[in-house]
Amino acid sequence: MDRIVVTGNGPLKGQIPIAGAKNACLTLMPATLLSEEPLTLTNAPRLSDIATMTQLLQSLGTEVTKMQDGKVLALSSYRIDNHTADYDIVRKMRASILVLGPMLARDGHAVVSLPGGCAIGARPVDLHLKAMEAMGAEMELRDGYVHAKAPGGLKGGVVDFPFVSVGATENALMAATLAKGTTVIKNAAREPEIVDLAQCLRRMGAQIDGEGTSEITIQGVDRLGGATHPVVVDRIELGTYMLAPAISGGEVELLGGRIELIGAFCEKLDAAGISVSETGNGLSVARKNGRVRAVDVKTEPFPGFPTDLQAQMMALLCTAEGVSVLEEQIFENRFMHAPELQRMGAKIEVHGGSATVTGVDRLKGAPVMATDLRASVSLILAGLAAEGETVVNRVYHLDRGYERVEEKLSAVGAKIERVSDR
Ligand code: UD1
């Protein structure tokens, strides 16, 4: 199993190119199921989660051709041969539930395994199911699978979410494009990935208004066609690499970065004493003088501070001057990186959904364990600021969401390498 070894090496300098967004790509790919014509996605990231979605779509009958070393994905779903998304694939990745809406909308039936382990527990899919019901589908849960049927096709309706869900908004949006009549999604998620999906669906011929606001209106059409669509920049990868010079010092330009993707995060960096400026090619981040200042952070749906940057921000605040409080409002149990950071000398107290971080002068390298995708990269960031060597074990989590992390960070002067046991 691979490990990443990081050694604190002082200020960073140079450029890091930001890839297409994993989370956008994972919702754009299932959109192929809505049309018999090809969908080509450019600027796709090369990640193991994308390989998992590829495998899932292939199991349903989609032809997937990778071009330009995986940066271009040509998807063709002339026919859906199999309408069952099997547990063996779905358990690997929660985003698999996103094939439900498109299959149901196109052919009037779909069977999708409940995402592994967390069926109706910590990360349920009840909002996805309610959205399909609001469009006239009959849903039944049997043997760990969702059995969905809409014999006469989906019908437009009002989908009113009790709270914001990115995935459920995406599923509802895709399904509504082929439903008869008008669908209104209320309390919709406003994330850039939703806007990207709406733009792609519009290129395929869908009629959508209001994406990026909390009310999206979709006028169903009889069929959708093919399209070519560039995947939006990954705002989470962007924010993660913005933290590298913030933690290590120096100045790094993030190619392709845009402030509007990540405004709330930039405000917190500014409050911490990190400068962010727009360049012609992206964003430049610099920490030139002194210690980072403590800031309080609360995760929220977009445009608030993203939960997917909470762990990385905590790594920065571990060496800030003063006491920071981080509140996690989107997911329970999302402080699994805290005990690992403590192994590196961080002072963190977790009380339920909030963590108090008292900055220390310096972290110390240690062997640590990656527990999930964002936690693992937070440990790498902490390693950049630590004295001595940090060994991050279980990096398969990292490969789900970050492409060539060691190459990107080495290119700006970090001392980081991947070590394989085999
Ligand atoms: C997406 C992102 C993930 C990010 C999250 C929040 C993808 C592939 N993943 O996940 O990286 O952290 O948005 O920005 O895009 N919930 C329910 N019932 C449901 C659906 C969600 O209770 O049917 C709850 C979840 O448990 C969570 C909250 O709603 O507490 C928000 O989750 P949601 O926005 O749906 O996250 P995902 O779409 O799964």
Side-chain angles (χ1 to χ4, degrees), residues 20-31 44-45 47-50 52-53 56 90 92-101 112 114-134 139 141 146 148 159-175 185 187-197 214 231-232 234-240 261-262 264-265 298-313 327-337 353 372-378 397 400-402:
K22 167 182 86 78
N23 286 351
C25 201
L26 287 177
T27 183
L28 292 164
M29 291 173 75
L47 301 167
S48 66
D49 269 7
I50 301 301
T52 304
M53 183 57 86
L56 174 58
V90 176
K92 292 189 198 160
M93 192 179 64
R94 190 180 147 76
S96 306
I97 190 77
L98 295 170
V99 299
L100 174 67
V112 180
L114 287 165
C118 60
I120 298 290
R123 289 182 78 177
V125 292
D126 54 328
L127 299 186
H128 297 249
L129 310 191
K130 289 213 172 79
M132 301 304 136
E133 276 170 350
M139 316 294 286
L141 293 182
V146 179
V159 178
D160 193 356
F161 289 121
F163 54 90
V164 173
S165 160
V166 177
T169 302
E170 292 165 345
N171 235 336
L173 176 57
M174 287 191 278
I185 306 177
N187 205 11
R190 293 181 280 165
E191 269 66 4
E193 293 75 26
I194 306 277
V195 175
D196 201 39
L197 173 62
S214 47
V231 179
V232 67
D234 195 318
R235 65 197 167 97
I236 306 302
E237 190 194 27
L238 170 65
T240 301
L261 294 175
I262 202 161
F265 173 76
K298 211 185 266 188
T299 64
E300 283 169 318
F302 191 85
F305 190 100
T307 173
D308 287 350
L309 284 172
Q310 179 259 108
Q312 301 90 311
M313 189 71 181
E327 266 181 76
E328 173 55 57
Q329 303 196 110
I330 308 292
F331 293 114
E332 310 155 19
N333 196 19
R334 210 177 190 185
F335 287 127
M336 285 181 310
H337 42 285
D372 68 48
L373 170 56
R374 307 303 171 186
S376 54
V377 82
S378 78
H397 287 295
R400 289 187 44 211
Y402 290 90

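Nothing here was measured: the structure is a model prediction, and the numbers come from that model. First listed ligand is number 1; within each ligand, the first listed atom is number 1.
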Just let me know how [X] lines up against ligand 1, side chain, backbone, both or neither, with a heavy-atom cut-off below 4.0 Å.
X	value
D308	side chain
R94	side chain
D126	both
L129	neither

Closest approach of [X] and [Y], non-hydrogen atoms and distance?
X	Y	value
G20	D234	O-CB, 3.7 Å
N171	I97	ND2-O, 3.0 Å
E300	I330	C-CD1, 3.8 Å
K298	F305	O-CB, 3.5 Å
V232	A24	CG1-CB, 3.7 Å

[X], any N or O under 3.5 Å of ligand 1 N or O:
X	value
N23	yes
A95	no
A168	no

Using atom types as modelled and distance alone, determine if a side-chain donor or acceptor of [X] lies under 3.5 Å from a backbone N or O of [Y].
X	Y	result
T52	S48	yes
S376	L373	yes
E191	F302	yes

Among S165, A21, P124, closest by heavy atom to atom 19 (C) of ligand 1 is P124
Please verify whether a non-hydrogen atom of F163 lies at under 4.0 Å from ligand 1. yes
Looking at ligand 1, does R334 have a heavy atom less than 4.0 Å from it? yes
Does R334 form a salt bridge (Lys or Arg N to Asp or Glu O under 4.0 Å) with D308? I'd like the steps, not just the answer. CA-CA 10 Å; R334 210 177 190 185; D308 287 350; 2.8 Å; yes
Just which atoms of ligand 1 are under 4.0 Å from any heavy atom in [X]?
X	value
T307	6 (C), 12 (O), 14 (O)
H128	23 (O)
G167	35 (O), 38 (O)

